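Numbers restart at 1 for each chain; the letters A, B, ... are given by sequence-line order, proteins then strands. As the structure is a prediction and not an experimental result, all values here were calculated from the model.
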Amino acid sequence: MDNTKGYIYGINGPVVKVKGSCDFEMQEMVYVGYEQLIGEVIGVTDEAAIVQVYEDTTGLKLDEPVEGTGGPLCITLGPGIISNIFDGIQRPLVDIRDHFGAFIGKGVDFSPLDKDKKWKVTFLKKAGDEVKAGDIFAAAPETSLIEHKLMIPNGIAGKISWTAQDGEYTINDILVKIDTNSGEKELTMCQKWPIKHERPYAERQPISKPLITGQRIMDSMFPLAKGGAASIPGGFGTGKTMNQHQIAKWCDADIIVYIGCGERGNEMTQVLEEFSGLIDPKSNKPLLDRTVLIANTSNMPVAAREASIYTGVTLAEYYRDMGYHVALMADSTSRWAEALREISGRLEEMPAEEGFPAYLASRLSAFYERAGYFTNLNGTEGSVTLIGAVSPQGGDFSEPVTQNTKRFTRCFWALDKALAYARHYPAINWLNSYSAYTDELDGWYSENVDKDFMKKRNEIMSILSEEASLMEIVKLIGSDVLPESQKATLEIAKIIRQGFLQQNAFHAEDTYVPMEKQLKMMEVILYLNTRIKELSELSIPISLLAKTGIFEELIKMKYTVANNDLSKINIIRTDIDTAIDKIISAYEE
Amino acid sequence: MAIEYIGLKNIEGPLVAIEGIKGASNEEMVSITLDDGTKRQGRIIQMEGDMAVIQVFEGTSGMSLSNTKTRLMGKPMMMPLSKEILGRTLDGVGRPIDGMGDYYADEIKNINGEPINPVSREYPNNFIQTGISSIDCLATLIRGQKLPIFSGDGLAHDSLAVQIARQAKVVDENDENAADKFAIVFAAMGVKHDVANYFKKSFEESGVLNKVVMFLNLSNDPVVERIITPRCALTAAEYLAYKHDMHVLVILTDMTSYAEALREISSSKGEVPSRKGYPGYLYSDLASLYERAGIIKDAKGSVTQVPILSMPNDDITHPIPDLTGYITEGQIVLGRELSMSGVYPPVSILPSLSRLMKDGIGEGFTREDHPALSNQLFSAYSKVSDAKSLASVIGEDELSDIDKKYIEFGKAFDEQFLTQGQFENRSINETLDLGWKLLGILPKSELDRVSDDILEKYYRPYSQQ
């Protein structure tokens, strides 16, 4: 069957109106104009089809042909994805550079994956085996960290009639032949998948494991679950990107998908350079060996920005199907929402809040619902964790993107301008943030970290909230008039803020902190909190204790106690005892 | 002989529509000749069927539905480029207006540029010494960065930009030809004549005028041209940087006028407005300018941008500074309160930030203590504001001793660190030493952002200085 053809009737920025045929399908991928720009059908009426073009439309002429492809926009799944960098519609940026030079040209169809590279394939199924969709029939090492599992594509089931020998193959070599009800099917390493459709799974699992990031305020205070969704909203300069980078570097997922969606070009370069230099502490391999980058910077075409989020999450789901835990960072979902708004405006749709289209909420929920902890079709377990940065206009969290995101993410790390101005990083405000996963993760923490972990966490939180209410008074009348017990609370809260919540991403010891150390730090702060009460009960001024320098010792313990040698924490504990005992005995005399 | 289309379908603000157009391409340039022989330039911005909507750069005054002839130019807006543009003054769409005639074009480029492939970018980490303490120490400018100045009406952004341009010119001490490789591209959008003159005079006085390309769209020049001005300027900057290996500093002023021009055109097109009437694509549009800063691998030159924008009503959450802040790599914010109390440059340091500084300072770039020192200064200065607000309630006398120290530190900081002369050029070492000197006012136990060995080496209590 011939593909549908039409001609360009109107052009408005990235939106093109097509006449001449009414047979385009919704979301069909089309080639626009003589330059064969890639586009997608986003509206069909009885007289014209509306197409959004993923590339710059400058120079496009009326009456140029538009050709349908008969299917939706798909990406290619197969080995060669990890360590690579793609644009929003999975075009490989390295190949684009080799073709066009430093600037991005348009209208060339690249193979997303390297066609010539040979992968060492080991077969796990043999002729005669019955297979169904999702089954792993072979494996190939993709990077030093990731073994790529080759799966039977969706919709194919039957008996293997032939397999190739173990050995080296390119992605387009035929590896397996399968007898199915509808005849013999030949499989290569690649499969295609439409980005706007969720990949199938056997069953959703309840959430039970945290995604450990090595960031104290996240792991200990507001934990995110594997298979959960989190949002990081914050005005500019509050450190959204820094937080995303920290999570991407240190979290205990197997694979990281990092989407630079409408953000700065230099940031993507930084991720590329930094991640190829950084070594993963667990495996001693470069972090890039587990990372996929999708870069659709702010000056690249806006429609492709809309697609980049879906491309990323589809890649994440593909690796989940192999049994990996995947964490996806989208920086920033506001830019994606703005892309929706821009296209919607060009279509002259009726706007809802602040010009955003009315379907903003349903698009956001569809995206965040692709997170989860799953049993896959092939029986393996895998998860997709979504972490979306939100850039609210004017740092105002009441705007539509933040509000709608809040509804669909259960972990909310609110960044605060005042903290960022004081260079308190990560600038996550402990009073506005929350994690609804704490109950579900309680089991894991008490089993793997400490049986009273959540109790200790709650104690820390209550000191912080007490501080907040005391600060209201201090702001009015100064701290001198407070009773000693409340002054003690302020001191402890200061230690928690500066010594525990504040974390230095540029310090070798502090950039990643294992759970054991986080726990020990919490314990020693709480220990001081119990002992300091002895002083206030005797009405001994807290300032006496402040002079001993013990508070500074606790604040600096994040630097002085090595991650791999926690015995120094005990010295601090002894120092607390010594200091307090000395003051008490001096007082009693 | 090209086809000419006689007459127009309608005229609305700076936009005109023509019917019956054949073979036009999106963003194509058109030339419109009026009956009295004057010519105007325009650009196709939307097409449907045989109708095209055209943006007329010089405005539509004097045009009627019947007195025009329109010709398609067959190409998008291009700009002729040559090294001879250095030292020249051009109008908002790149035509010479200094009376020295046209220049010989060595290359012709589309002014819209193309996005730089992130893979080809080189991550910027070369420190530029501006000689201004607040910038060098706390919001360091890096070569290839886009660092805007957020200002307000009546604040000293122009003199600050000039001072940066004047003092940042020496870029590489190991390269004796460094001065030859430095150029300034200055683009004025909707600024007043005297402001443009001030810049010109200042460049002249510091002897760099032959290294400057000026693009002037003044406040009484056509609004639509304003959309083109920064694009021409950046095209020229890219040409000088990537073709002639120059380090180009681009000053764009005033981005607020630019955004307002964009709003004006958007509303004449009848587009759905988003916040404060600005079009929904303001972010993408601003990004298409700001993202043209950077360094490309294997190229010797670089494009550094210092856009200036005046925040309407000093409101940093206004869409223009807000969206700019999300695109640029930090911002230098000027404060009215500082300016009122006579501080020059009135850099309000707490909201100011340079995102790229972390990789361009410290050992091997500036000095080992720089990151810790700047961190500590920020943290101390933020406590100064807490202490000040407490003092305004309970009076300075009632403050605790430590809060009094902070008040003293804050005062000294404003007077000695922030304040400097317009021609005072401080080296980075002087700036850092000054920072330590002021931190000496505070007791050692307050300095919690600095590691012990750095403290040991640099911290001296005020009494011992």
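- Enclosure of atom CD in Glu353(A) is not indicated, since only 12 or fewer non-hydrogen atoms of other residues, nucleotides or ligands lie within 6.0 angstrom.
- Interface remark: Ile85(A) contributes side-chain atoms only to the contact with chain B (heavy atom separation under 4.5 Å).
- For Lys297(B), the NZ atom is densely surrounded, since the number of other residues' heavy atoms within 6.0 Å is greater than 12.
- Taking 4.5 Å as the limit, some side-chain heavy atom of Arg346(A) sits within range of a side-chain heavy atom of Glu271(B).
- We find the OG-CD distance between Ser25(B) and Glu64(A) to be 8.5 Å, quoted to the nearest 0.5 Å.
- Residues Ile104(A) and Glu114(B) have side chains not in contact (no heavy-atom distance under 4.5 Å, counting atoms from C-beta outward).
- For chain A, no part of Asp403(B) is nearby; none of its heavy atoms comes within less than 4.5 Å.
- Under a 3.5 Å cut-off, the side chain of Arg449(B) and the backbone N or O of Arg423(A) do form a donor-acceptor pair.
- Distance CD1/Ile11(A) to CD1/Ile45(B): 12.5 Å, rounded to 0.5 Å.
- In this structure, the side chains of Phe236(A) and Asp322(B) come closer than 4.5 Å at one or more pairs of heavy atoms.
- Among the candidates Val53(B), Asn110(B), Thr328(B), the residue making the largest number of heavy-atom pairs closer than 4.5 Å to chain A is Thr328(B).
- Within the 4.5 angstrom heavy-atom criterion, no atom of Val333(B) approaches chain A.
- Side-chain contact between Glu263(A) and Tyr326(B): absent, with no pair of heavy atoms (C-beta onward) separated by less than 4.5 Å.
- For the pair Ser445(B) and Glu552(A), the minimum side-chain heavy-atom distance is below 4.5 Å.
- The minimum heavy-atom distance linking Leu353(B) with Tyr425(A) is given by the pair CD1-OH, 4.4 Å.
- With hydrogens and angles disregarded, no donor-acceptor distance shorter than 3.5 Å links the side chain of Asn299(A) to the backbone of Ser284(B).
- In Asp453(B), the CG atom is crowded: over 12 heavy atoms of neighbouring residues, nucleotides or ligands sit closer than 6.0 Å.
- Side-chain contact between Phe103(A) and Pro115(B) is absent, with no heavy atoms from C-beta onward closer than 4.5 Å.
- With a 4.5 angstrom heavy-atom cutoff, Pro92(A) does not touch chain B via any of its atoms.
- With chain B as partner, the option from Arg305(A), Glu399(A), Lys417(A) having the largest number of non-hydrogen pairs under 4.5 angstrom is Arg305(A).
- Only the side chain of Lys383(B) comes within less than 4.5 Å of a heavy atom in chain A; its backbone stays farther off.
- Interface remark: Ile116(B) contributes backbone and side-chain atoms alike to the contact with chain A (heavy atom separation under 4.5 Å).
- The CG atom of Asn112(B) sits 5.5 Å away from the OG1 atom of Thr58(A) when rounded to the nearest 0.5 Å.
- For Ile349(B), the part lying near chain A is the backbone, with the side chain staying farther off; criterion is any non-hydrogen pair under 4.5 Å.
- Interface remark: Pro273(B) contributes backbone atoms only to the contact with chain A (heavy atom separation under 4.5 Å).
- With contacts defined as side-chain heavy-atom distances shorter than 4.5 Å, the pair Glu267(A)/Tyr123(B) does not qualify.
- Under a cutoff of 6.0 Å and an axis angle of 45°, Arg264(A) and Tyr290(B) do not form a cation-pi pair.
- For a residue to count as touching a neighbouring chain, one of its non-hydrogen atoms must lie under 4.5 Å from one of that chain's; by this rule Val474(A) touches chain B with the backbone only.
- Within 6.0 Å of NZ on Lys109(B) lie no more than 12 heavy atoms contributed by other residues, nucleotides or ligands.
- In terms of heavy-atom pairs under 4.5 Å with chain B, the best-connected choice from Leu60(A), Asn266(A), Asp63(A) is Asn266(A).
- Between chain B and the options Met242(A), Glu273(A), His424(A), the largest number of non-hydrogen pairs under 4.5 Å is found for Glu273(A).
- We find the CG-CG distance between Asn117(B) and Asp98(A) to be 9.5 Å, quoted to the nearest 0.5 Å.
- Once rounded to the nearest 0.5 Å, the distance linking CG of Leu323(B) with CD of Glu338(A) reads 6.5 Å.
- Between Leu62(A) and Gly49(B), the shortest heavy-atom distance links the atoms CD1-O, 2.7 Å.
- For a residue to count as touching a neighbouring chain, one of its non-hydrogen atoms must lie under 4.5 Å from one of that chain's; by this rule Arg355(B) touches chain A with the side chain only.
- Atom OG in Ser391(A) sits 10.5 Å away from atom CD1 in Ile327(B) (nearest 0.5 Å).
- Contact count versus chain B (heavy atoms, under 4.5 Å) is highest, among Met268(A), Lys19(A), Glu274(A), Arg335(A), for Arg335(A).
- Options Ala102(A), Gly345(A), Gly235(A), Pro301(A) differ in how many heavy-atom pairs under 4.5 Å they form with chain B, and the most are formed by Ala102(A).
- Contact tally against chain B (heavy-atom pairs below 4.5 Å) for Ala422(A), Ala546(A), Gly355(A): the top residue is Ala422(A).
- Contact record, Tyr283(B) with Gly262(A): OH-O, 2.6 Å, taken as the closest heavy-atom pair.
- Proximity to chain A (any heavy atom under 4.5 Å) is shown, for Ser389(B), by neither the backbone nor the side chain.
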- Task: Could you walk me through whether Thr57(A) and Asn26(B) pass side chain to side chain donor-acceptor pair (under 3.5 Å), step by step?
- Result: CA-CA 7 Å; Thr57(A) 52; Asn26(B) 196 19; 3.0 Å; yes
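- Residue Val94(A) touches chain B through both its backbone and its side chain, counting heavy-atom pairs closer than 4.5 Å.
- Heavy-atom pairs under 4.5 Å with chain A were tallied for Gly280(B), Pro118(B), Ser382(B); the largest tally goes to Pro118(B).
- Glu349(A) is not listed as a side-chain neighbour of Val272(B), based on a closest heavy-atom distance of 4.5 Å or more.
- At a 4.5 Å heavy-atom cutoff, the contact between Lys146(B) and chain A is made by side-chain atoms alone.
- Only the backbone of Lys475(A) has a heavy atom closer than 4.5 Å to any heavy atom of chain B.
- With a 4.5 angstrom heavy-atom cutoff, Phe100(A) does not touch chain B via any of its atoms.
- A cation-pi geometry, defined here as NZ or CZ lying under 6.0 Å from the six-membered ring centre and within 45° of its normal, does not hold between Arg341(A) and Tyr281(B).
- The part of Gln498(A) that comes within reach of chain B is its side chain, from C-beta onward, which places non-hydrogen atoms under 4.5 angstrom from that chain.
- For Glu329(B), the parts lying under 4.5 angstrom from a heavy atom of chain A are both the backbone and the side chain.
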